[in-house]
Amino acid sequence: MPELNHYMNRIKEIYSTVKNKANDIDEIEVYMSSSGEEEFSVRERDLDKYTFAESGGIGLRLIKDGKVGISFTEKIDSNASIETLVNNAKISLSYASAEPDYNALIEKEDGEEVYNIINNDIVNMTNEDLKKISLSIEDKLYSLDKRIVNVPSAGLARYDFIKCIINSNGVCKGEIKNNITYYAEVIAKDSNSTKTYFDVYSSKDTFFDIDAFTKNISDNVINKLNAKEIESGKYKTVFTSKAMRTILGAYLGLFSAENVQKKLSLLQGKLNQKIANSIINIKDIPVFDKGIYNTHFDGEGSKTKDLNIITDGVLNSYLYNNYTARKDSVKTTSHASRGFKTPIGISCHNFILEECKNTQEELISQIKNGILVNSLTGTHSGVNAISGDFSLQAEGIKIENGKLSYTASPFIVSGNILDLLNDIEMLANDTEYHHSSIYTPSALIRELSFAS
């Protein structure tokens with residue numbers, strides 16, 4: 001496990017060197033990140049693969065006369081690479097456009113800040129512990145149903161991540177964190193068909209309900225064996241937590257101020273307007289007890305804070321980094337994203353659609369003839385971020401007379417994201433917190449189009 005103090009000392013050394021070599025520059029920012037991944041994968045009751053990989057580097061931004069020059073290197077510990085880093089950033093400056101009103105580094109908000117959110121229980125798991133858990137996942141999957149004929153992959157991976165930033169305005173921050181992810185893929189077969197299912201479970205602690213995890217995978221793949229086609233048409237619908245997470249994740253770019261300013265978002269001009277049903281409340285909370293991807297500062301070093309994006313269906317705010325905030329004459333919402341190789345972008349931290357008190361069963365009971373959609377695929381090609389239209393391959397279960405009836409063969413579900421947000425009639429209390437940085441409950445939707 002890397003030491004945060006080592007990286008903090010190193011970034012200060014790099015900044016000092018850059019400052020001496022770039023004394024004609026108005027503003028300097030050094031960003032450094034490093035990540036590690038250790039994976040155990042089993043197959044046929046034996047260790048199939050063990051990998052350990054580390055990656056990282058340094059990103060430099062120089063600002064002069066309103067122009068930004070950027071460069072990067074993967075050689076964190078090499079002093080010889082710093083001169084090249086500076087020279088490349090200066091070359092980049094010569095090709096940049098001047099935007100003195102918008103190109104600026106953030107100002108110092110507080111003193112030096114170091115955040116250690118490492119879970120030592122994850123760190124202290126031995127390789128034997130990790131192998132044992134991986135084998136147990138595979139064993140349990142085989143034991144649950146004889147129709148599970150193969151487990152192509154089962155295992156886990158633990159990750160650690162460090163980021164540090166320092167700039168010429170006095171910002172100096174560092175953070176280290178870790179998490180662990182369990183995964184499995186199964187193949188089930190009967191006399192009529194063969195089906196597969198894959199799932200993951202991510203956590204920032206070592207609690208892992210292996211029985212619940214494997215049963216969910218087994219139930220899903222076995223149910224798919226008995227699938228029947230549905231009739232094409234319009235149906236009242238329940239999107240599960242997983243399906244809602246997928247569809248909202250596909251449209252996160254709508255909330256980006258950069259996309260709004262480039263006229264690439266449906267939400268342009270809709271600030272302080274009602275864009276969803278009044279039961280819709282969406283927040284971005286960078287640090288909360290169930291958050292897997294908590295962070296205390298963004299890619300520019302700005303201290304993260306809670307943001308109410310949609311309240312009672314009304315759009316309150318876009319997501320801003322410093323550049324886009326200055327363009328709109330507002331303060332950054334601290335949503336700058338970046339890697340050491342990449343320019344500043346915008347992303348969420350923990351994007352949360354607040355749940356209600358209903359159970360998923362209560363949502364299903366509202367439907368006489370409809371569909372429970374439990375997974376969506378094809379968001380890379382089936383989503384139009386400009387119009388908001390989507391047409392996605394999906395899997396789910398037919399609902400009849402308020403109860404789940406039979407598993408449906410794969411189908412296409414179509415609609416529009418703003419229509420969907422307005423047509424949500426009920427939300428459940430079943431948010432899943434172990435898959436991504438998007439947290440959503442199941443939702444009852446008035447109507448969507450389906451094609452078998």
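Note on ring orientation: taking the six-membered ring where Trp is involved, the planes of F351 and F255 are tilted (angle from 30° to 60°).
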Tell me which donor-acceptor pairs under 3.5 Å the side chains of residues 18-26 have, and how far apart each pair is, sequence neighbours excluded?
| unit_1 | atom_1 | unit_2 | atom_2 | d |
| --- | --- | --- | --- | --- |
| N20 | ND2 | S16 | O | 3.3 |
| D26 | OD2 | D65 | N | 2.8 |

Under 3.5 Å, sequence neighbours excluded: what are the donor-acceptor pairs made by side chains of residues 435-443?
| unit_1 | atom_1 | unit_2 | atom_2 | d |
| --- | --- | --- | --- | --- |
| H435 | NE2 | V200 | O | 3.0 |
| S436 | OG | I438 | N | 3.0 |
| S436 | OG | I438 | O | 3.4 |
| Y439 | OH | I292 | N | 3.1 |
| Y439 | OH | N350 | OD1 | 3.1 |
| Y439 | OH | S436 | O | 3.3 |
| T440 | OG1 | S241 | O | 3.1 |
| T440 | OG1 | R245 | N | 3.2 |
| S442 | OG | S241 | N | 3.2 |
| S442 | OG | Q360 | NE2 | 3.1 |
| S442 | OG | D430 | OD1 | 3.4 |
| S442 | OG | D430 | OD2 | 2.6 |

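Here side-chain hydrogen bond (donor to acceptor under 3.5 Å, both in side chains) pairs that include residues 67-77, with residues two or more places apart or in two chains, are E74-K341. Evaluation of the side-chain hydrogen bond (donor to acceptor under 3.5 Å, both in side chains) test over residues 304-316, restricted to residues two or more places apart or in two chains, returns K305-S334, T311-N316.
Under a 4.0 Å N-O distance rule, the pair E13/R10 qualifies as a salt bridge.
In this structure, a donor-acceptor pair under 3.5 Å is absent between the side chains of E425 and N277. No side-chain donor from either of N87 and T84 sits under 3.5 Å from a side-chain acceptor of the other.
Sparse packing is recorded around NZ of K270, with 12 or fewer heavy atoms of other residues, nucleotides or ligands lying under 6.0 Å away. Heavy-atom neighbours of K303 NZ from other residues, nucleotides or ligands within 6.0 Å: at or below the threshold of 12.
Applying the side chain to side chain contact (heavy atoms under 4.5 Å, CB included) test to V260 and every residue at least two apart in sequence or in another chain returns S265, Q268, Y318. Not counting sequence neighbours, the partners of Y95 by the side chain to side chain contact (heavy atoms under 4.5 Å, CB included) test are I91.
Considering D284, D298, T324 in turn, D284 is the only one that fulfils the side-chain hydrogen bond (donor to acceptor under 3.5 Å, both in side chains) rule with H335.
Centroid-to-centroid, the aromatic rings of Y50 and F40 come within less than 6.0 Å.
The cationic atom of K204 (NZ for Lys, CZ for Arg) does not lie both less than 6.0 Å from the six-membered ring centre of Y433 and within 45° of the ring axis. Within the cation-pi definition used here (under 6.0 Å to the ring centroid, within 45° of the axis), R61 does not qualify as a partner of Y31.
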